[in-house]
Every structure is written in structure tokens, then in C-alpha cells.
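Protein chains get the first letters and strands the later ones, always in sequence-line order, with residue 1 at the start of each. Excluded from the calculations below are hydrogen atoms, water molecules and symmetry mates; all remaining heavy atoms, backbone and side chain alike, are included.
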Protein chains: 2
Amino acid sequence: MPLNIQRKEVLTYGISMALLLLLLKWLEAHFIVFNYRLEFFVGAIAIIFMVLGIWLAVKLVKPKLVIRVVEKEVYINNLKPGEINQKEIEKFGLSKRELEVLALIAAGLSNEEIAGKLFVSLNTVKTHSSNIFLKLDVKRRTQAIEKAKRLNIIH
Amino acid sequence: MPLNIQRKEVLTYGISMALLLLLLKWLEAHFIVFNYRLEFFVGAIAIIFMVLGIWLAVKLVKPKLVIRVVEKEVYINNLKPGEINQKEIEKFGLSKRELEVLALIAAGLSNEEIAGKLFVSLNTVKTHSSNIFLKLDVKRRTQAIEKAKRLNIIH
DNA sequence: ACCGAAATCACCCGAAAGTGTGAAGGAAAA
DNA sequence: TTTTCCTTCACACTTTCGGGTGATTTCGGT
């Protein structure tokens, strides 16, 4: 139990103590104390000093610290994993179809496979990918993948 | 000052109080108390109850609750970003040079650019990348990127 | 000293990717 | 209604990629 007793508080306590003893002396001198039963007198003293003790302790004892550690999950980039950055997409003006193609490119599909999956011709996929590269300002599909992943345009 | 007085503690205090009063009675009954001066007796009572009060207060003062929020970074896959999975690399038997080439492929470089960066010929880079595709069991560089990133072989 | 893996390079060929241009239909906006 | 954008497709052409084969050098381990 760490007691952080400061000089000022001790002084206050000392003065209180002295005053109480003075009162005691006065009571003894005037024989008033013996008008009451000894138990009552002792009980009063006990209560007074106990209250004083409680007051002292509450005043001076450093509050107990209970540290409750709460873990807060923090995602890097303010983005939950797998979340896409809509603002970046709008910034580059990528259309819905172009995003589909971009995602499939990043998945490692060839243009022909993409064409098959989207039910369009190979030439269409080529056009889309060319437009993607233009809008993203890249030269190759691998660069497009890198940039798109870095900017959270695709997961 | 919030006092959190619990039933058990109050009981303990009550018993202590009763014992003390019993002691007092006994002392009074045996007239031992009057062998000493009244001030000493009262002082003893005062000190005892003050200590009791202090003890009570210290015991019962509600501990101050401090909530400490610890930010915990959350990563997918138990791997820190940029951390690589050495076991996967060994599983595929990728050499050091092949890893370099793989990283540059994933960075979006062309074979020629990789050759320039590694001070080797274009044919060497082609050989490396072919071996990479064989070891990773993929057909294209984009597939290699996808697989390598998924398995944390590269960042 | 020898072996095997790694790294280097060359050449050829076919496949895939990317460029440029043009065009047509449809939907939404001005 | 006109314009703009999206989507679709074609064709020709260039570049890059990837497979196959073979060769040389270097380096660590037995």
C-alpha cells in the first residue's frame, strides 16, 4: 500500500491531533468526562480517530491503478483487407468492364482466357486491356497489376 | 472518493471492533488500565482505531480503472507485410537469382528491363523466367506473380 | 579432384501481348 | 437531338514472351 504522505498533510494531521489532545486535557480538567460512561468516551475517541484515519487514507493513499489493456485492431492504410479503393478507380476513369478485365489479368489469365470467360472476342479483350494501360499510364499488364494492387484498385 | 464497501469487509471490521471492545472490557475489569495514565490509554485507542481506519480505507477504496488502448496491427495470413515465406520458397526450389527475377517480374518490369537491371543478357533473363515458370508450375508471368504473391514468396 | 546445381548466354520459332486505326450499336448526358 | 462514353469487334503490324535445345563457367560440397 503506497502512502504518499506530503509535509502539508502531516502538519494538518499533527495540528488536529494536538487540538484533540488539548480538548482531552480540558475535559479531564473539568471532570466533564466522568459524567459519561468510560465506554462511551472511548467509543467517541475511537470513532473520531477512525474517521480521521479513513479521511487521511482516502486523501493520501495513491489510487490503486487497474490497467485494463484493450486491443484495438488497426488495419494498414485504413483499408480492411480485400477492400477496394473506389476513389482511385474514379481517378483513373476505369469503366466496369475494364475493371473486370483488369481483375482477370491480375488473376493471371491470358487475353484468350479472359475472352472466353467474358464471352467476348480476343480483340475486344485486347482493346480493353489497351485502354486500361492507357488510363493507368502503364506499358505492360504486369505493371498494371502492380499499380492496381498497390493502389487497392483490385484485391 | 468512491467507497466500495463489500459485505465481507464490513463483517471483518465488525469482528475486529467487537474484539477490541472485548479487550477494552477486559482491561477495565482487571483494572490494568488505571495503572496507566488516561491520556496514554486514550491515545492508544486513538492510534489503534486510526490505523484501523486507514487500513479500512486503503482496503476498500475503489481502484481507479485505467483503460489502456493498445493498437494492434492486424495482418492477413499471420504474416507481416513484406514478410516472405521461406518454407514455400524451399518447397519450389527457387534459387536466389530466380527470386530476384521473380521480384522484378512482379514489379512490372519487362525481360529486357530486368536484364538491364541485373547486368545480364536478355536470354539469361528468359532462361531464368522459364525456370521460374517450370518450378512454380505456371504458364505465364502474370500467373507466377499471382501465385508468388498468394504464397508470400514475394511481397 | 569431381560432381551437381546455379548462372550465364545463344539461336530459333511460335504464341501471346500490345499498338494503331477504324467502325458500329447502345445508353446516358448535355 | 446531338454528343459523349461504353462496349463490342476487326485487321494489320510490332514487340514481347515463352519453349526447346545446347553450351560454358563458376562455385560449394563430398
Closest to the B/K96 side chain, choosing from C/dA7, D/dT7, D/dA10: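 Of all the options, the side chain of B/K96 is nearest to C/dA7.
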Side chain of A/S121 (C-beta onward), nearest among C/dA10, D/dA10, D/dT8: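 Of all the options, the side chain of A/S121 is nearest to D/dA10.
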[X] side chain to [Y] main-chain N or O, any donor-acceptor pair under 3.5 Å?
X	Y	answer
B/E98	B/L94	no
B/K135	B/F92	no
A/R140	B/G108	yes

Carboxylate-amine/guanidinium proximity below 4.0 Å for A/K126 and A/E112: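 No, A/K126 and A/E112 are not salt-bridged.
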NZ/NE/NH1/NH2 to OD/OE distance under 4.0 Å, B/R150 and B/E146: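 Salt bridge: yes.
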Is the shortest side-chain heavy-atom distance between [X] and [Y] below 4.5 Å?
X	Y	result
A/V120	A/I114	no
B/F133	B/R141	yes
B/K149	A/K149	yes
B/L102	B/L136	yes
A/N131	A/T127	yes

Pairwise N/O distances under 3.5 Å, protein to nucleotides 14-24 of chain D:
| unit_1 | atom_1 | unit_2 | atom_2 | d |
| --- | --- | --- | --- | --- |
| D/dC17 | OP2 | B/N111 | N | 3.0 |
| D/dG18 | OP1 | B/R141 | N | 2.7 |
| D/dG18 | OP2 | B/R141 | NE | 3.0 |
| D/dG18 | O6 | B/K126 | NZ | 2.9 |
| D/dG19 | OP2 | B/S130 | OG | 3.4 |

N/O-N/O pairs, protein side and nucleotides 28-30 of chain D side, under 3.5 Å:
none

Phosphate OP1/OP2 of C/dA7: any B/H128 side-chain N/O under 4.0 Å: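 It does not, given that no N or O in the side chain of B/H128 lies less than 4.0 Å from OP1 or OP2 of C/dA7.
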d(CG, A/L118; P, D/dC6) in whole Å: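 Distance check: A/L118 CG to D/dC6 P gives 17 Å.
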Protein-nucleotide distance (B/I132, atom CD1; C/dA6, atom C1'), rounded to Å: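 Checked: the CD1 to C1' distance equals 13 Å.
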Short side-chain donor-acceptor distance under 3.5 Å, B/S121 and B/T124: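 On atom types as modelled, these side chains qualify, holding a pair under 3.5 Å.
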DNA chain C: stems of at least 3 consecutive Watson-Crick or G-U pairs whose donor-acceptor distances fall under 3.5 Å: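 In DNA chain C, stems of three or more pairs: C:1-30 with D:1-30.
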